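For reference, the structure discussed in these notes is given below.
All values reported here derive from a predicted model rather than from experimental measurement. Lettering of chains follows the sequences in order, A, B, ..., and the numbering in each one begins at 1.
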2 protein chains.
Amino acid sequence: MHKQEAIKKLKDHNYKLTPQRELILDIMLNQQGYLSVREVYERVKEVFPQVSIDTVYRNLSLLKDINILNETTIGNNIMYVMRKEIHNHTMRCLKCGKIFELDICPLELWINQIKDFEIVDHKIEIVGYCKDCRSNKN
Amino acid sequence: MHKQEAIKKLKDHNYKLTPQRELILDIMLNQQGYLSVREVYERVKEVFPQVSIDTVYRNLSLLKDINILNETTIGNNIMYVMRKEIHNHTMRCLKCGKIFELDICPLELWINQIKDFEIVDHKIEIVGYCKDCRSNKN
DNA sequence: TATTAAATAAGAAATATTTCTTAATTAAGA
DNA sequence: TCTTAATTAAGAAATATTTCTTATTTAATA
């Protein structure tokens, strides 16, 4: 997603483009992988030291509501990542052969933790049985 | 890792095998993917309603110290998973060709969330540049 | 520029997680 | 069985996360 698309989405929903909101969007646009609310907050504070963490919560949640971000919860921690447009991650059914897209990239939660390797690409392939076939494998 | 191996490790470190500790070990042995401290606590409580959450924290951390569990932190949430012996997840350097094992499976954090698909197998392949080659790609 | 609905900061409140203290209990070996 | 160091439950304390309230400010449009 490009910044202009995201801004258009905001306008379409009659949301204003405040400096804090724009910065949060920039942070997410320039980020591979998930960020916790706190991590985003820390980065926003570098530019707006007075920013309220509530502002960060509100904006991340809003960006999720209009499908700019994906949200996930680990324990009690809310985390966000830019929505993917291209899905390289699929689940293939061993019986019917249907391909299901994973709307999350499991690697994204980890990608920031890999320090000693410059990742160029990755691929995830899951095989198994889909909802329809799992009860009727023969 | 089999249960007897884990128990031997405990003995080797002069740790006692209390019922609470054994249950926590059983829970982790029968679990694909990461569990948060709270999730483990909820399961232990089904058997020992009086258990202190501190006991869960203490034991999970101890099992990590003796290399039975892997620990990771998401935000402020501590999560645990059994250590893997067989690594299906590798990073391959595009220059020197070395294979590096990933000591975590990024899928494990997600595997519990996939409800409509019965996973039989999966594979993760990451390509890029290793520490030595990233500064000297030609 | 003036208007106004949306967004903000500040602070408090509500939850949740993690750690600590203490006294009682217990697993394991003598 | 006895001894003892390890472990536990309980409760409090410390920290961290998330949500709410209110008064003020501001982006966008007329």
Which residues share a salt bridge (Lys or Arg N to Asp or Glu O under 4.0 Å) with B/Asp26, sequence neighbours left out: B/Lys3

Under the salt bridge (Lys or Arg N to Asp or Glu O under 4.0 Å) test, residues paired with A/Arg38 that sit two or more places apart: A/Glu42

Side chain of [X], heavy atoms from C-beta onward: which of [options] has the nearest atom to it?
X	options	result
A/Gln20	C/dT8, C/dT18, D/dT17	C/dT8
A/Asp54	D/dT21, D/dT8, D/dA10	D/dT21
B/Tyr15	D/dT7, C/dT18, C/dA9	D/dT7

Protein and nucleotides 25-27 of chain D: nitrogen or oxygen contacts under 3.5 angstrom:
unit_1, atom_1, unit_2, atom_2, d
D/dA27, N3, A/Lys16, NZ, 3.0

Table please: side-chain donor-acceptor pairs of residues 43-57 of chain A below 3.5 Å, with sequence neighbours left out.
unit_1, atom_1, unit_2, atom_2, d
A/Arg43, NH1, A/Gln31, OE1, 3.1
A/Ser52, OG, A/Asp54, N, 3.1
A/Thr55, OG1, A/Arg58, NH2, 3.1

Angle of first-five versus last-five pair axes in the helix from C/dT1-D/dA30 to C/dA30-D/dT1, to 10 degrees: 40°

D/dT17 OP1/OP2 closer than 4.0 Å to side-chain N/O of A/Arg38: yes

C/dC20 phosphate, OP1 or OP2, under 4.0 Å from B/Arg58 side-chain N/O: no

Spacing of B/Glu39 atom CD relative to C/dT18 atom P, expressed in whole Å: 12 Å

Using distance only, find each side-chain donor-acceptor pair of residues 60-69 of chain B under 3.5 Å and give its atom names and separation, not counting sequence neighbours.
unit_1, atom_1, unit_2, atom_2, d
B/Lys64, NZ, B/Glu71, OE1, 3.4

Close residues, residues 40-53 of chain A, relative to DNA chain D [heavy-atom separation under 4.0 Å]: none

Qualifying residues under side-chain hydrogen bond (donor to acceptor under 3.5 Å, both in side chains), relative to B/Asn14, sequence neighbours excluded: none

Partner set under side-chain hydrogen bond (donor to acceptor under 3.5 Å, both in side chains) for B/Asn30, not counting sequence neighbours: none

